[in-house]
Amino acid sequence: MIHTKQTRVLIADENTSVQNTLRLTLKQQDCEIFEAQQALEALELFNDNLPEIVFLDSMIEGEIDGITLCQLIKSMKLPHYCFVILLLSKASEQNIDACFSAGADHYLVKPFNATDVLNAIAKYHQKAQQSTPSPNTLANKNIPTKETHFPPVPYESLTGFDTAGLHNLEFMLGSKDKVFETLKNFIVDFNGIIDEIRVSFHAQQRETTRRKLHSLKGTAAIVGAKRLSTLAAEIEAQVFISNNIDQQLADLESAWQTVDNTVSTMF
């Protein structure tokens, strides 16, 4: 008899009705289910179990909201593709835009039914088939990997990063090494972003420009790059009302170079 591996699913929502709808539907799909009602509890379960699918309330209770938690999950390097479905209370253009700007793969609007959940699962399987895991990931090795250990660098020495923000990130991730790994991933993932923003703006692709700025703003805030996040937010507010943001982009690039040089030098 062939046993297939269960799909691990995290449900992060405090609403009992939502939990029941998801749980009953997912059990029929032979999923392994983990449930959380608050943001940090959800993050802890995520780190411990590395689910393939996350159903995440955009307004989940706790120290951070679902949008921020989605951005954090999407910034992590994982051994498989993680499909994040944000649960929205209202299908407004603003909510949907924030959902995809945070990196979510799909969204559901409450109240939803079992068919909506099954359609979301189908989208996950479609995405998973298209995503080829890296041959260096844990999922493709038969030997244990060693956790990366970074030099004992004090947060105060990281120019361009807010000390309080980094301590908060450590509280969410559970260790200083995970914070430093996240900073490295942030630099890699957003490498070249300022040039991309500049090109899309001058090509009159204002919505694309705004989305890139929004993503940079949110992720920079998560990793404690406070000035970078603030500048991205200021430029985002001007994208549709200004014809020239070159000076602001120069300031943004300077802030980026500061955090880039810090991470590259320290790690």
Quiz item: side-chain contact (heavy atoms from CB on, under 4.5 Å) with Val84: which of Leu10, Leu69, Asp105?
Solution: Asp105
Quiz prompt | Atom CG of Asp246 with >12 non-hydrogen neighbours under 6.0 angstrom | solution = yes
Quiz item: Going from CD1 on Ile245 to CD on Glu234, what distance comes out if it is rounded to the nearest 0.5 angstrom?
Solution: 12.0 Å
Quiz item: Between Val223, Ile222, Thr219, which is the residue that forms a side-chain contact (heavy atoms from CB on, under 4.5 Å) with Leu72?
Solution: Ile222
Self-check item: Check: Ser254 side chain, Ala250 main-chain N or O, donor-acceptor pair, under 3.5 Å
Solution: no
Quiz prompt | Residues Arg8 and Glu32 bridged, charged N to O under 4.0 Å | solution = no
Quiz item: Can you tell me if CD on Gln204 sees more than 12 non-hydrogen neighbours from other groups inside 6.0 Å?
Solution: yes
Exercise. For residues Lys74 and Ala102, report the shortest heavy-atom separation together with the two atoms involved.
Key: CG-O, 4.1 Å
Practice problem: Take the angle between the ring planes of Phe180 and Phe267 and call it parallel below 30°, perpendicular above 60°, tilted in between. | Solution: tilted
Self-check item: Taking every non-hydrogen atom, the tightest pair across His214 and Ser101
Solution: CD2-CB, 3.1 Å
Self-check item: Within-4.5 Å side-chain heavy-atom neighbours: Glu52 and Tyr124
Solution: yes
Quiz item: Roughly how far, to the nearest 0.5 Å, is the CG atom of Asp260 from the CZ atom of Phe186?
Solution: 9.5 Å
Tell me which donor-acceptor pairs under 3.5 Å the side chains of residues 107-118 have, and how far apart each pair is, sequence neighbours excluded?
unit_1: Lys110; atom_1: NZ; unit_2: Asp13; atom_2: OD2; d: 2.8
unit_1: Lys110; atom_1: NZ; unit_2: Asp57; atom_2: OD1; d: 3.3
unit_1: Asn113; atom_1: OD1; unit_2: Thr115; atom_2: N; d: 3.1
unit_1: Asn113; atom_1: OD1; unit_2: Asp116; atom_2: N; d: 2.9
unit_1: Asp116; atom_1: OD2; unit_2: Asn113; atom_2: N; d: 3.0

Practice problem: Could you tell me whether the side chain of Asp162 and the main chain of Gly224 form a donor-acceptor pair under 3.5 Å? | Solution: no
Exercise. Go through Asn244 and Phe201 one step at a time and tell me if the side-chain contact (heavy atoms from CB on, under 4.5 Å) criterion holds.
Key: CA-CA 9 Å; Asn244 190 337; Phe201 181 81; 5.7 Å; no
Quiz item: Within a strict 4.5 Å, meaning less than it, do heavy atoms of the Leu183 and Leu158 side chains meet?
Solution: yes
Self-check item: Heavy-atom side-chain proximity of Phe46 to Leu78 below 4.5 angstrom
Solution: yes
Exercise. Using distance alone, with no hydrogens and no angle criterion, decide if Thr68 and Asp65 have a side-chain donor and acceptor under 3.5 Å apart.
Key: yes
Quiz item: Heavy-atom distance under 4.5 Å between the side chains of Pro152 and Lys176, does that happen here?
Solution: no
Exercise. Is it possible for you to say whether Val153 and Tyr155 belong to one hydrophobic cluster, with membership spreading through side-chain heavy-atom contacts below 4.5 Å?
Key: yes
Quiz item: Which one of Leu252, Leu213, Leu216 satisfies the side-chain contact (heavy atoms from CB on, under 4.5 Å) criterion with Ile193?
Solution: Leu216
Quiz item: Counting distance only, does the side-chain N/O of Lys127 pair as donor-acceptor with the main-chain N or O of Cys82 below 3.5 Å?
Solution: no
Practice problem: Go through the steps for His125 and Phe83 under the test side-chain contact (heavy atoms from CB on, under 4.5 Å), then give the verdict. | Solution: CA-CA 9 Å; His125 287 299; Phe83 194 85; over 6 Å; no
Quiz item: Minimum heavy-atom separation for Ser229 to Ala221, with atom names?
Solution: OG-CB, 3.5 Å
Quiz item: So, Thr262 side chain and Thr159 main chain: donor-acceptor pair closer than 3.5 Å or not?
Solution: yes
Quiz item: Taking Thr182 for the side chain and Lys178 for the main chain, is one N or O donor matched with an acceptor at less than 3.5 Å?
Solution: yes
Self-check item: Phe55 side chain near Leu26 side chain, heavy-atom distance below 4.5 Å
Solution: yes
Self-check item: Distance, nearest 0.5 Å, that separates OH of Tyr81 from CD of Gln129
Solution: 14.0 Å
Exercise. May I ask whether Ile241 and Ile235 are part of the same hydrophobic cluster, defined by side-chain heavy atoms of I, L, V, M, F, W, Y residues being less than 4.5 angstrom apart, directly or through others?
Key: no
Quiz item: Any luck finding a side-chain donor-acceptor pair between Thr209 and Ser200 under 3.5 Å?
Solution: yes
Quiz item: Which side-chain hydrogen bond (donor to acceptor under 3.5 Å, both in side chains) pairs, counting each pair once, include a residue from residues 36-50, with sequence neighbours left out?
Solution: none
Quiz item: With distance as the sole test, does His80 use its side chain to make a donor-acceptor pair with the main-chain N or O of Pro51 at under 3.5 Å?
Solution: yes
Quiz prompt | From CD1 (Ile121) to OG1 (Thr7), nearest 0.5 Å | solution = 7.5 Å
Quiz item: Lys184 versus Val188: any side-chain heavy-atom pair under 4.5 Å?
Solution: no
Quiz item: If Ile, Leu, Val, Met, Phe, Trp and Tyr residues are connected whenever their side-chain heavy atoms lie under 4.5 Å apart, and connections chain through other members, are Val199 and Val239 in the same group?
Solution: no
Quiz item: Between atom SG of Cys70 and atom CG of Leu86, what is the distance when rounded to the nearest 0.5 Å?
Solution: 4.5 Å
Self-check item: Nearest-0.5 Å distance that lies between atom CD1 in Ile85 and atom NE2 in His106
Solution: 6.5 Å
Quiz item: Would you call Glu253 and Arg198 a side-chain contact if the rule is heavy atoms closer than 4.5 Å?
Solution: yes
